[in-house]
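Working notes, structure below.
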Amino acid sequence: GIQVEQSPPDLILQEGANSTLRCNFSDSVNNLQWFHQNPWGQLINLFYIPSGTKQNGRLSATTVATERYSLLYISSSQTTDSGVYFCAVERYGKLIFGTGTRLQVFP
Amino acid sequence: NAGVTQTPKFRVLKTGQSMTLLCAQDMNHEYMYWYRQDPGMGLRLIHYSVGEGTTAKGEVPDGYNVSRLKKQNFLLGLESAAPSQTSVYFCASSTGRMYEQYFGPGTRLTVT
């Protein structure tokens, strides 16, 4: 089946720093979503981005479907950005999740 | 508009007991999903439904059954719980196959 790999697995930042999270996938996909799982376990939709670039405040995402990767950019990080970031790709109506990037932002 | 809700939030079962998890959505979504999340891993799809009265197997369906008798509800059943089913269970819904999925808050299940 399709493989979804995220890097880095862990990231520690000081407040105000910028970061880039990467998601590689091994086969063509119909769509891709980025999620943030906060420290209380809630999964929050960040982006639905099968291709192209989208921005939402300090966060932006780019998916290059032909090269099978997506990037999530976090600028001017805040402590509330802490948690685990997942990308998930859709194949045949099913979401396949990566193992996530755990982000810790310290004041 | 509550979105996706899950009942209960926490549950402890003994091996061999049965239980049902309830997922409800008020967004009139056709598609609903059940996932499990184990420590250090992403979510894995257990079962899903593409409409009222339909169900289909996902990635890890063994030991679980589901029913979608009403469009807004999706039930996940464990007939004989095993310690390997200790996990956090998430329900999700979407308008259709190519649309983003919205997740409930999760149910933490421990089987002793």
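Proteins get letters first, then strands, A, B, ... in listed order; numbering begins at 1 in each. All values below were derived from every heavy atom in this structure, side-chain atoms included, with hydrogens, water molecules and symmetry-related copies excluded.
- Residues passing the salt bridge (charged side-chain N to carboxylate O under 4.0 Å, His left out) test with B/E30 are B/K71, sequence neighbours excluded.
- Checked against a 6.0 Å centroid threshold, the rings of B/Y99 and A/Y48 do not count as neighbours.
- Of the atoms belonging to A/N30, heavy atoms from both backbone and side chain fall under 4.5 Å from chain B.
- Applying the salt bridge (charged side-chain N to carboxylate O under 4.0 Å, His left out) test to A/D10 and every residue at least two apart in sequence or in another chain returns nothing.
- Of the two parts of B/L43, the backbone and the side chain both hold a non-hydrogen atom closer than 4.5 Å to a non-hydrogen atom of chain A.
- We find the CZ-NZ distance between B/R44 and A/K94 to be 14.5 Å, quoted to the nearest 0.5 Å.
- Note that the CZ atom of B/F90 and the CD atom of A/Q42 stand 7.5 Å from one another [nearest 0.5 Å].
- B/V88 is not connected to B/M32 by any chain of hydrophobic side-chain contacts under 4.5 Å among Ile, Leu, Val, Met, Phe, Trp and Tyr, and they are in different clusters.
- More than 12 heavy atoms of other residues, nucleotides or ligands shown are found within 6.0 angstrom of CZ on A/R91.
- Residue contact with chain B, scored on non-hydrogen atoms closer than 4.5 Å, involves the backbone and the side chain of A/L95 alike.
- By the neighbour-count criterion of 12 heavy atoms within 6.0 Å, atom CD of B/E79 is sparsely surrounded, having that number or fewer from other residues, nucleotides or ligands.
- Of the atoms belonging to A/F47, not a single heavy atom falls under 4.5 Å from chain B.
- With side-chain heavy atoms closer than 4.5 Å counting as contact, directly or through intermediates, the hydrophobic cluster containing B/Y102 also holds B/V4, B/M27.
- From A/L46, atom CG reaches atom CD of B/E100 across 10.5 Å, with rounding to the nearest 0.5 Å.
- Linking ILVMFWY side-chain heavy atoms closer than 4.5 Å, directly or via other members, places A/Y85 and A/I96 in a single hydrophobic cluster.
- Note on B/Y33: it does not cluster hydrophobically with B/I46, by side-chain heavy-atom contacts below 4.5 Å among ILVMFWY residues.
- When each of B/Q37, B/R108, B/E59 is scored by its heavy-atom pairs under 4.5 Å with chain A, the top score falls to B/Q37.
- Cluster annotation: A/L21 and A/I49 are assigned to the same hydrophobic cluster (Ile/Leu/Val/Met/Phe/Trp/Tyr, side-chain heavy-atom contacts under 4.5 Å, transitive).
- B/F74 is connected to B/L109 through a chain of hydrophobic side-chain contacts under 4.5 Å among Ile, Leu, Val, Met, Phe, Trp and Tyr, so both are in one cluster.
- By a heavy-atom distance cut of under 4.5 Å, not one residue of residues 51-64 of chain A is near chain B.
- Contacts of A/Q37 with chain B are made by side-chain atoms alone, with heavy-atom separations under 4.5 Å and no backbone atom involved.
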